[in-house]
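Worksheet for the structure shown next.
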Protein chains: 2
Amino acid sequence: MLSTGAAPSAEFSPRQSAVLAEALRLLVEGGDKALTTAGLARAASCSKESLYKWFGDRDGLLAAMISFQQSKVRTVERSGERLTADLLHDHLDVFARDLLEVLSGDVSLALNRLAIGQSSRDGSKLGRMLVEHGRRQIDRRAMALIDQGKRAGLLRFDSAEAAYHTLYGLIVSDLHVRMLLGETPLKDNKAQARRAVEAFLTLHGVQRDSGDAAVSSGK
Amino acid sequence: MLSTGAAPSAEFSPRQSAVLAEALRLLVEGGDKALTTAGLARAASCSKESLYKWFGDRDGLLAAMISFQQSKVRTVERSGERLTADLLHDHLDVFARDLLEVLSGDVSLALNRLAIGQSSRDGSKLGRMLVEHGRRQIDRRAMALIDQGKRAGLLRFDSAEAAYHTLYGLIVSDLHVRMLLGETPLKDNKAQARRAVEAFLTLHGVQRDSGDAAVSSGK
DNA sequence: TCCTCTAAGTACCGTACGGTACGGTTCCCA
DNA sequence: TGGGAACCGTACCGTACGGTACTTAGAGGA
């Protein structure tokens, strides 16, 4: 299911992984400008020649950094347990918090900034990598959960895709762009996650007992 | 509803405005790398010395470009007319379409990419400019509309801020970031806007006649 | 007519980057 | 023990950029 990209998605040797980790550190610390081949060679105690042998050129290095980071972050597969309303609620809440945490991670932000900065130069190659390889996993996790919720009779919607986009928007709103622009993340992701899940269930959840699902305005 | 031009933009002389317009064109066309002082001087038929006299340095030029662009795009003030449910619905719909149109504009995307790319270098100065001066206007317009809706008894919520963030998330979802990463915009903003407004009214609108507000799932 | 101010055009400088080449060192394996 | 591959450190090259200085051309004003 994976390794469908044009990128070789090759494993990296321990030495290469250490260099890539250092590259990510430099990128997080100082952004695009701080990630120079000479600087990386110095910081990682390797030679520029090795960098070019391993990654081809600077763009190859950037692509390798994305692959490397995403090979480290893997979402755990949810086993298909029987869903109840409470379980669905909990899983949605965990998903929302996870999503916010991932998006506000400094490495994630740095890589997104990098890809956005390069998007007008390389035909969005990095951007596509980021969306395809990085987002697809978390998307799949949410879509599976949503589908499961529908099959269990707990959610209703026409298009799972549209419902997921709704959930995503409710969770993230403009936070991602604001953080990319340099704003500091929220203090409590938990409240934001809770609000988003409440709203999502109000929109797409089947009516529970009484007015439990018609909240969002009162307590 | 946007009005372009018409504002004399007292900040910049006509010559400077022409140069800034050319700078924006270069930025939209080729991104950060394409906006060099020599390139701008050549494209705009002005001297580099003039650029440095007018804008100080390259960062000053970038800041001036943001100011210039935002002096051109002004949102019209909504007069405080008496709101009905249909009027509120229409105004929300227009706002949603305007927001999507603004965010997917090539100049807006280019400036956001620029600010994001610089965010790790200049302490988010450009990002703050973009959020403060650019977004505040459209935020105010939406907040005014939402407040008006509450005062007319058509909307209910605890925090107007939170309600607006919900509206924003429903409208934009992850579209903005995806477009920043290089993805092509949606084909029809209208459907997206309509869905978002429906959902927002389901969450925060007072109950209307029958199942009119409980759509989004069945037919 | 002359003077001054503005700005275009160009030449220039220092720097920093991407990419290459080369010598020296370590380590593996025959 | 010898040879070769990998790799570090550094020196090097061409280029391109930000920023400055200088010369020239027009525009208005006294």
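Values below: all heavy atoms of this structure, side chains included; hydrogens, waters and symmetry mates excluded. In what follows, chains are A, B, ... by sequence order, proteins preceding strands, each numbered from 1.
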Please state how far atom CG in A:Leu40 lies from atom P in C:dC17, giving the value in whole angstrom units.
13 Å

Quick one: is B:Ser50 getting a side-chain N or O under 4.0 Å of the C:dA8 phosphate, OP1 or OP2?
yes

Looking at C:dG9, D:dC8, D:dG19, which one has an atom nearest to any side-chain atom of B:Asp57?
D:dG19

Between B:Arg15 and C:dA8, is there a side-chain N or O to OP1/OP2 distance below 4.0 Å?
yes

Nearest-nucleotide wise, let me know which of A:Thr36 and A:Gly56 is further upstream toward the 5' end of DNA chain C.
A:Thr36

Salt bridge between B:Arg151 and B:Asp147, side-chain N to carboxylate O under 4.0 Å?
no

In terms of ring plane angle, is the pair A:Phe200 and A:His204 parallel, tilted or perpendicular, where the classes change at 30° and 60°?
tilted

Out of D:dC8, D:dC17, C:dG9, which nucleotide sits closest to the side chain of A:Ser47?
D:dC8

Can you tell me the distance, in whole Å, between the OH atom of A:Tyr52 and the C1' atom of D:dA6?
19 Å

Got a salt bridge between A:Arg195 and A:Glu198, using NZ or NE/NH1/NH2 to carboxylate O under 4.0 Å?
no

Of B:Lys53 and A:Lys48, the one whose closest DNA chain C nucleotide lies more 5':
B:Lys53

Of the listed nucleotides (D:dG19, D:dC17, D:dC7), which one gets closest to any side-chain atom of A:Trp54?
D:dC7

Got a salt bridge between A:Arg25 and A:Glu29, using NZ or NE/NH1/NH2 to carboxylate O under 4.0 Å?
yes

Given atom CZ of A:Arg58 and atom C1' of C:dA16, what is their separation to the nearest angstrom?
13 Å

Picking from C:dA21, C:dA7, C:dG9, the nucleotide nearest the side-chain atoms of A:Glu49 would be C:dA21

